[in-house]
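I have placed the structure first, in the form of structure tokens, so that the comments after it can refer back to it.
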2 protein chains.
Amino acid sequence: MTENPSPRLFPIVNADVALFTLDDALRLRVLLIQRANRPDPGGWALPGGLLKPDRDDSLEAAARRVLADKTRVELPYLEQVATFSGPHRDPRGWSVSTLFYALLPADQVPAVAGSKTESIAWVDPEAPGRALGFDHGLMLPRALATLRAKVRDGALPLHLLPSHFTLTELQKASEAILGRPLDKAAFRRQLKSSGDLAAVPDLFVRGAQRPAQVYERAAGYRFGDGHVRNDT
Amino acid sequence: MTENPSPRLFPIVNADVALFTLDDALRLRVLLIQRANRPDPGGWALPGGLLKPDRDDSLEAAARRVLADKTRVELPYLEQVATFSGPHRDPRGWSVSTLFYALLPADQVPAVAGSKTESIAWVDPEAPGRALGFDHGLMLPRALATLRAKVRDGALPLHLLPSHFTLTELQKASEAILGRPLDKAAFRRQLKSSGDLAAVPDLFVRGAQRPAQVYERAAGYRFGDGHVRNDT
DNA sequence: GCAATAGTGTCTATTAGACAATATGGG
DNA sequence: CCCATATTGTCTAATAGACACTATTGC
């Protein structure tokens, strides 16, 4: 059915990433790039790139490599959303693209910069304000929905914050992701009982008010997929 | 771009399916096949096959085609689980495999048959009793977990049943999937309020007891991913 | 009536949300 | 003291689970 002038025996395989972060006003933002190369030069899209079997050990590794081209910061939290496929979603031919979402701590946003040939933009994921190439207009809502589901399930948006934070900051981050206000008392109850947080003894943020306890991720913080991470 | 890519430069792309159903004793079962072809002939695995860009319009279509090779019945409910990838999971080289799970109504199980060269087996997904080839031993628990999460979220195992059924049958099917008993009253409360079911007027199953109301899927039954299906 | 399963009512423990009250700093 | 924000307490509505009760058939 697909009469492609340069037919491929194998589909194109690539990895795309919806990289989320918080801006100065603690609003949820997602990274778009303005493509420099074919196809669709000048068009806006989620960052992504072809899988390189000789360099990547997995699609997730490919996604991390693509992100590394944009930033030098430590690898963010990254999770698979879904895989998109079809003969027409990429003008080069039959393609398969696995979408990931990733979370970048807000204080590392400045490390993400455009290049001489590629501009970047941090946009509202619910209103990107640009037409996105390929089927990225479908991808972005899926990534956002997956992220929100994880936040509701208690997997935490800790990864959008620096390593140390207050409960109010964490609540603001959660509200930014979910797009709605949360109740302070209920939010704190749930976190306290989750065991995912640890208070840092004798560390407080001071201001013109009662000092706020500083927290960090607990040693055995459990990820959304159930696995435990013990490092940073 | 390379004109004639070898399989080493482009990853192998295929689709695998965990096809679930209920056996006579209403136990959850998953389909395994004994492979006839390379690689791993004679080994047990989930049904799957290479994507054929000239014949498939999507990975999901490829999964349905693979299933159609095993059975002639109507296409079952099918949903993506995740995509597995890496240089070593398939002996032929770097490969990408998108896993789906599917639900086959119990009354259509007889339509699934082995071929002269391929045996089939319906096994307990929690204890397949055989070593599975590739990384299918990792895939199966993921598929089961995804299925169970959907059942808990209220998306229903209706697709394991014939088009008409009683609430007790539906409860037994749910219990088989989740692997634990459910409370009758709570189960019925939740279904009644979900709006996913419609009682069939004046249709009852009779036996040596009070007749059971027959139900069918409601017109606007909502799938797990939120989309509405109005056909069968 | 009796057995067997369908279907309902009710109590309780848990939880999310609303909202009020208290705590503790800076000025 | 006053302000601002942190932190905690409490009330309530909604819900899931346990469990018992009633309903309706075949025999």
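Per chain, numbering begins at 1; letters A, B, ... match sequence-line order. These numbers were taken from a predicted model, which means no experiment stands behind them.
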Kindly point out which of [options] is positioned nearest to the side chain of [X]?
X: B:Q209; options: C:dA4, C:dG26, D:dT8; value: C:dA4
X: B:D183; options: D:dG26, D:dC19, C:dG7; value: D:dC19
X: A:A185; options: C:dA16, D:dT7, C:dC19; value: C:dC19
X: B:T168; options: C:dG26, C:dT8, C:dA6; value: C:dA6
X: A:P211; options: C:dT5, C:dT8, C:dT24; value: C:dT24
X: A:R210; options: C:dA16, C:dA23, D:dA18; value: C:dA23
X: B:L167; options: C:dC19, D:dT7, C:dG7; value: C:dG7

- Item | B:K192 vs C:dG7: side-chain N/O to OP1/OP2 distance below 4.0 Å |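 No, because none of the side-chain N or O atoms of B:K192 sits under 4.0 Å from OP1 or OP2 of C:dG7.
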- Message: It should be established whether A:R188 places a side-chain nitrogen or oxygen under 4.0 Å from OP1 or OP2 of nucleotide D:dT7.
- Response: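 Yes, because at least one side-chain N or O of A:R188 sits under 4.0 Å from OP1 or OP2 of D:dT7.
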Rounded distance (Å) that lies between atom [atom2] of [N] and atom [atom1] of [X]:
X: A:F187; N: D:dT7; atom1: CZ; atom2: C1'; answer: 14 Å
X: A:R189; N: D:dT7; atom1: CZ; atom2: C1'; answer: 13 Å
X: B:Q171; N: D:dA18; atom1: CD; atom2: P; answer: 12 Å
X: B:L191; N: C:dT8; atom1: CG; atom2: P; answer: 13 Å
X: A:L197; N: D:dT7; atom1: CG; atom2: C1'; answer: 15 Å
X: A:L170; N: D:dT5; atom1: CG; atom2: P; answer: 18 Å

- Task: Find the distance between CD (A:E169) and NE2 (A:H164) and round it off to the nearest 0.5 Å.
- Result: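 Answer rounded to 0.5 Å: 12.0 Å.
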- Query: Is the cationic atom of B:R29 (NZ for Lys, CZ for Arg) positioned less than 6.0 Å from the six-membered ring centroid of B:W122 and within 45 degrees of its normal?
  - Reply: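 The answer is no, since B:R29 fails at least one limit relative to B:W122.
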- Task: Using the closest heavy atom to pick a nucleotide of DNA chain C for each, name whichever of A:G207 or A:K184 lands nearer the 5' end.
- Result: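 The residue closer to the strand's 5' end, by nearest nucleotide, is A:K184.
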- B:D153 atom CG, neighbour heavy-atom count above 12 within 6.0 Å: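 Atom CG in B:D153 is crowded, with more than 12 foreign heavy atoms closer than 6.0 Å.
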